[in-house]
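Scroll down for the structure; my scribbles are underneath it.
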Amino acid sequence: MGTMEAREKNEYFKEFLTQKLNELLEEANKTVSGMTNERENFPDPTDRASMESERNFTLRIRDRERKLISKIQDALVRIENGTYGICEECGEEISMERLNARPVTTLCIDCKKKQENDEKVRGL
Ligand SMILES: [Zn+2]
């Protein structure tokens, strides 16, 4: 690694994450307007029950999207203040390989593995 300048790397991920964020926000808007349409199409109370479970499903997905959206926003803040791509645990640079696989990560692969192991140990 180290072939890419920090500024280049930031620009690259800024573009990538901004695009991803816009996609998610667009998708979230679609979900909201889709829900409104369904409500108008099913005035029958028996349909309302199945509609409710569908709505809960949509909300669960949206919850996951919301979390991802906030993670992306955090990553964009880190790009702005120059801490993006630096492990918050050990302060080492996170490899490009890992950032490409998981652009919103705040941990290098070693610290992530350590954290997962700790969680496993606590889980037992
Ligand atoms: Zn680390």
Side-chain angles (χ1 to χ4, degrees):
M1 299 302 146
T3 46
M4 215 185 226
E5 293 288 329
R7 199 187 297 162
E8 253 181 276
K9 190 165 81 177
N10 279 349
E11 281 301 313
Y12 171 80
F13 282 107
K14 188 178 175 178
E15 204 171 299
F16 177 84
L17 288 167
T18 304
Q19 197 188 327
K20 187 80 191 151
L21 183 64
N22 287 336
E23 277 171 27
L24 282 167
L25 292 174
E26 210 174 288
E27 202 54 45
N29 281 335
K30 255 188 248 167
T31 312
V32 171
S33 54
M35 267 158 56
T36 318
N37 287 340
E38 274 168 36
R39 202 169 296 139
E40 287 164 3
N41 291 340
F42 296 106
D44 190 330
T46 48
D47 283 335
R48 210 180 288 154
S50 68
M51 210 186 74
E52 273 306 306
S53 66
E54 241 173 77
R55 195 166 156 271
N56 287 340
F57 179 68
T58 311
L59 288 177
R60 263 205 307 279
I61 291 176
R62 292 200 60 217
D63 187 54
R64 212 170 51 195
E65 278 177 354
R66 252 200 310 275
K67 277 177 191 152
L68 186 56
I69 286 170
S70 98
K71 274 182 184 174
I72 292 176
Q73 283 168 336
D74 287 348
L76 286 168
V77 168
R78 291 198 300 277
I79 289 175
E80 287 307 316
N81 66 26
T83 58
Y84 180 78
I86 294 163
C87 176
E88 63 177 12
E89 205 48 47
C90 68
E92 293 289 322
E93 227 177 281
I94 302 171
S95 73
M96 269 305 278
E97 197 185 4
R98 173 147 171 77
L99 286 176
N100 272 321
R102 200 157 167 68
V104 296
T105 191
T106 57
L107 295 172
C108 73
I109 192 72
D110 290 340
C111 291
K112 182 64 193 170
K113 274 182 190 157
K114 198 166 162 278
Q115 188 193 59
E116 277 170 1
N117 283 337
D118 288 350
E119 275 166 12
K120 250 178 242 167
V121 170
R122 271 200 299 272
L124 290 170

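Order of appearance sets the numbers: ligands from 1, and atoms from 1 within every ligand. Note that the numbering runs from 1 along the sequence shown for the chain.
Of all protein atoms, those of element N, O or S that lie under 2.8 Å from the Zn ion (ligand 1) number 4.
A salt bridge (charged side-chain N to carboxylate O under 4.0 Å, His left out) check over residues 69-85, counting only residues at least two apart or in different chains, returns the pairs Lys14-Glu80.
With a 6.0 Å radius and a threshold of 12 heavy atoms from other residues, nucleotides or ligands, Glu15 has its CD atom at or below the threshold.
Rounded to the nearest 0.5 angstrom, Phe13 CZ and Ile79 CD1 are separated by 8.0 Å.
For Glu26, there are no salt bridge (Lys or Arg N to Asp or Glu O under 4.0 Å) partners at least two apart in sequence or on another chain. Under the salt bridge (Lys or Arg N to Asp or Glu O under 4.0 Å) criterion, Asp63 pairs with Arg66, Lys67, not counting sequence neighbours.
A 4.5 Å side-chain heavy-atom check between Lys114 and Glu89 finds every atom pair outside the cut-off.
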